[in-house]
Amino acid sequence: MTVTASTRRLFVVAPLVAGAVVTLDKPQSHYVVNVLRLRAGQGLLVFNGRDGEWRAEVADIRKTACVLRALEQVRAQVSEPDVWLAFAPLKRSRIDMAVEKASELGVALLCPVDTERTNADRVNVARLRATAIEAAEQCGRLVVPEVREPVGLGRLIADWPAQRRLFVLDESGSGQPIAAALAKHAGEACGFLIGPEGGFAPSEIAALRRQPFVVAVGLGRRLLRAETAAMAALACWQAVAGDWR
Ligand code: SAH
């Protein structure tokens, strides 16, 4: 990995205030000491999803851990777009890519969803969480998207908050054109649901369409891979209703 100023950012869990001492875990200590090759007194940026972004310095490199000290806040915490992505799990390299790109595109929450035709490896949530953190560090976000444990489609529907719009990516061609649908619901909390490579089963699409919060949307005539559909939908949303405006 090439290290540039923007990638010298680290997500930490500890509270950040001036003078706060942050003891890094083993993988992060390794990253700071052996990959970034920082020495005591050298600086990097840290964020925790709550206290904005801070300039920090390496305070101490111990055998077991690297210790940072927060110096000053350089960016205040800002609220980020409230958009979720629910998706049928994909094979390993594709799901990693989808999580990385969705994090860059600003999703607040990612939720793997088991559907009838899902045909993928078991979801490794810990790996996806690490991927989301790395993407947030790299792209300059102040928040790391939450990655939920997988749920079945029935559970997703049952638990979906009534006030949150759910745009279902419907490859059948009967959904509304996406830009118009997104413009109509701009300003609402929302999420997207992407089906598996095998597509949604007819009974699943029917169950989804019965929900008052669901709007079925289409991305044109070409059948896209699931991860392409996810990225395209999120990009449309950021442009029409999100923080690209
Ligand atoms: N195998 C299916 C295609 C599934 S594509 C078939 O042959 O019909 C995987 C998922 O990506 C779909 O369930 C849908 O959510 C999304 N998707 C792909 N192309 C799309 C399009 N043109 N419009 C809307 N959603 C699409």
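Both ligands and their constituent atoms are indexed starting at 1 by order of listing.
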Engineer: Arg92: which residues meet the side chain to side chain donor-acceptor pair (under 3.5 Å) condition with it, sequence neighbours left out?
Structural biologist: none

Engineer: Could you go through residues 143-159 and list every donor-acceptor pair under 3.5 Å that involves a side-chain atom there, pairing it with any protein atom two or more places apart or in another chain?
Structural biologist:
residue, atom, partner, partner atom, Å
Glu146, OE2, Arg148, NE, 3.0
Arg155, NH1, Asp159, OD1, 2.7
Arg155, NH1, Asp159, OD2, 3.1

Engineer: Using the ring of Phe200 (Phe, Tyr or Trp, six-membered ring only), decide whether Arg117 places NZ or CZ under 6.0 Å from its centre and within 45 degrees of its axis.
Structural biologist: no

Engineer: Are any of the side-chain heavy atoms of Val32 and Val58 separated by less than 4.5 Å?
Structural biologist: yes

Engineer: I'd like the atom pairs linking ligand 1 to the protein - N or O on both sides, separation under 3.5 Å - with distances to 0.1 Å.
Structural biologist:
residue, atom, partner, partner atom, Å
ligand 1, 1 (N), Glu197, O, 2.5
ligand 1, 13 (O), Glu171, OE1, 2.9
ligand 1, 13 (O), Gly195, N, 3.4
ligand 1, 15 (O), Leu169, O, 2.7
ligand 1, 15 (O), Gly195, N, 2.9
ligand 1, 19 (N), Leu224, N, 2.9
ligand 1, 22 (N), Gly220, O, 3.0
ligand 1, 22 (N), Arg222, O, 2.9
ligand 1, 23 (N), Leu219, N, 2.9

Engineer: How does the hydrophobic cluster around Val21 look, that is, which other residues are in it when side-chain heavy atoms under 4.5 Å mark a link?
Structural biologist: Val67

Engineer: Is a salt bridge present between Arg164 and Glu188, judged by a nitrogen-to-oxygen distance below 4.0 Å?
Structural biologist: no

